[in-house]
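Step one of this worksheet: look at the structure below.
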Amino acid sequence: MTIAFPPLPYAEDALAPHISADTLATHHGKHHKAYVDKTNAAIEGTDLAGKSLEEIIHHAEGSGNKGLFNNSAQSWNHAFYWNCLSPTKTAPSGDLAAAIDRDFGSLDELKKKLKDTAVNHFASGWAWLVAKDGKLSVTDTHDAGTEVTAGIKPLLVIDVWEHAYYIDRKNLRPAYVDAVVDELLNWDFAAENLARDGAWTYPG
């Protein structure tokens with residue numbers, strides 16, 4: 001069994017004008033696909049063939065196999081990221097809205113924290129909204145780092161690698177982050193993840 005390359009959950013032009021079809025064709029169709037292809041090539045003929053992507057990521061991290069970790073973790077992060085974006089503007093409600101008010105004071109304060117973390121992250125990486133022991137927080141990881149190995153529950157993530165925004169925004173990361181946080185974040189997906197028993201799993 002090979003690791004799947006999942007399709008986008010929307011059309012390539014569905015996030016325009018905030019993220020263009022050109023960006024998604026390159027980001028999803030080339031970058032994400034390359035991570036999946038390299039992961040499958042690395043596990044072919046090994047004991048990891050047939051394992052879940054989450055199991056492969058944990059094995060790679062534990063064994064110090066940096067190449068496999070980078071490609072498998074990036075495969076997971078990207079599939080999760082696509083689901084964190086929505087063509088239809090959403091807003092937190094119910095238990096998620098209550099948790100945001102409790103742990104950040106307001107949605108505006110959470111958005112500010114997410115933006116600051118994403119914009120100020122040095123070089124490539126990811127800005128996350130996560131839940132641990134019932135409490136929400138904002139974190140960041142470098143390069144291919146993923147919160148799926150940290151024993152916490154990812155709710156949302158923002159990709160701050162340059163390939164996420166360079167076609168549309170050149171080097172203007174803040175403009176990309178503002179668009180994602182203010183217009184595209186899929187708060188319904190975040191609510192599903194908060195209510196989920198365990199973390200989101202990569203589609204088979």
Side-chain angles (χ1 to χ4, degrees), residues 5-36 38 69-71 73-92 96 100 103-130 136-148 150 154-191 193 200:
F5 173 55
L8 289 169
Y10 31 73
E12 282 186 349
D13 63 354
L15 304 182
H18 310 295
I19 297 176
S20 69
D22 193 9
T23 287
L24 285 182
T26 301
H27 193 178
H28 173 259
K30 297 189 183 300
H31 288 283
H32 186 184
K33 186 175 188 301
Y35 296 130
V36 174
K38 290 176 181 177
F69 176 81
N70 286 343
N71 285 297
Q74 284 290 81
S75 297
W76 195 99
N77 287 353
H78 279 85
F80 187 75
Y81 168 67
W82 307 132
N83 284 282
C84 292
L85 306 177
S86 171
T88 304
K89 193 167 183 177
T90 63
L96 176 62
I100 290 170
D103 296 331
F104 295 97
S106 68
L107 178 59
D108 285 343
E109 285 301 310
L110 167 56
K111 288 183 174 182
K112 182 178 184 299
K113 179 71 170 174
L114 273 170
K115 289 180 180 181
D116 288 347
T117 300
V119 169
N120 294 316
H121 180 89
F122 182 74
S124 299
W126 304 82
W128 304 80
L129 174 64
V130 301
L136 306 188
S137 61
V138 172
T139 65
D140 59 340
T141 57
H142 292 286
D143 301 323
T146 179
E147 294 293 26
V148 75
L155 304 186
L156 290 172
V157 74
I158 303 169
D159 187 342
V160 292
W161 284 63
E162 276 197 338
H163 61 233
Y165 56 87
Y166 198 83
I167 291 172
D168 298 333
R169 311 281 183 172
K170 302 305 182 190
N171 63 329
L172 300 179
R173 184 190 288 182
Y176 155 75
V177 170
D178 282 347
V180 169
V181 173
D182 291 335
E183 304 295 336
L184 296 178
L185 283 181
N186 188 345
W187 294 103
D188 294 339
F189 181 62
N193 289 325
W200 179 85

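Everything quoted here is computed from the prediction, not taken from an experiment.
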Looking at [X] and [Y], would you say the former's side chain and the latter's main chain have a donor-acceptor pair under 3.5 Å?
X	Y	result
N70	A144	no
W161	D143	yes
R173	A118	yes
D140	H121	no

Considering non-hydrogen atoms only, spot the tightest contact between [X] and [Y] and give its length.
X	Y	value
L136	F104	CB-CE1, 3.7 Å
D168	S20	OD1-OG, 2.5 Å
Y81	V157	CD1-O, 3.5 Å
S75	V36	OG-N, 3.3 Å
C84	L156	SG-CA, 3.6 Å
W128	T141	NE1-OG1, 3.0 Å

Rounded distance (nearest 0.5 Å) linking atom [atom1] of [X] with atom [atom2] of [Y]:
X	Y	atom1	atom2	result
E109	D103	CD	CG	13.0 Å
H27	K33	NE2	NZ	15.5 Å
W187	L107	CH2	CG	5.5 Å
I19	L184	CD1	CG	5.0 Å
N186	L155	CG	CG	12.0 Å
E183	H18	CD	NE2	4.5 Å

Heavy-atom check, side chain of [X] versus side chain of [Y], under 4.5 Å:
X	Y	answer
V180	Y165	no
S86	D188	no
D159	N77	no
T146	F69	yes
K115	D178	yes
W200	V148	no

Show me the donor-acceptor pairs within less than 3.5 Å that the side chains of residues 5-16 make with the rest of the protein, sequence neighbours left out.
{"unit_1": "Y10", "atom_1": "OH", "unit_2": "W82", "atom_2": "O", "d": "2.7"}

- So F80 and N193, side-chain contact (heavy atoms from CB on, under 4.5 Å) or not? Walk me through it. CA-CA 11 Å; F80 187 75; N193 289 325; 3.7 Å; yes
- Message: If the condition is side chain to side chain contact (heavy atoms under 4.5 Å, CB included), which residues does L172 pass it with, not counting sequence neighbours?
- Response: R169, A175
- Give a yes or no on this: more than 12 heavy atoms of other residues, nucleotides or ligands lie within 6.0 Å of atom NZ of K111.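 Count over threshold, so yes.
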- Message: Between D116 and K112, does any NZ, NE, NH1 or NH2 come within less than 4.0 Å of an OD or OE carboxylate oxygen?
- Response: yes
- Message: Which label fits H28 and H32: parallel for a plane angle under 30°, tilted from 30 to 60°, or perpendicular past 60°?
- Response: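 Correct class here is perpendicular.
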- Task: Classify the angle between the aromatic ring planes of H78 and W126 as parallel (below 30°), tilted (30 to 60°) or perpendicular (above 60°).
- Result: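 The arrangement is perpendicular - the two ring planes meet at more than 60°.
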- Can you list the steps and then say if F189 with T90 is a side-chain contact (heavy atoms from CB on, under 4.5 Å)? CA-CA 10 Å; F189 181 62; T90 63; over 6 Å; no
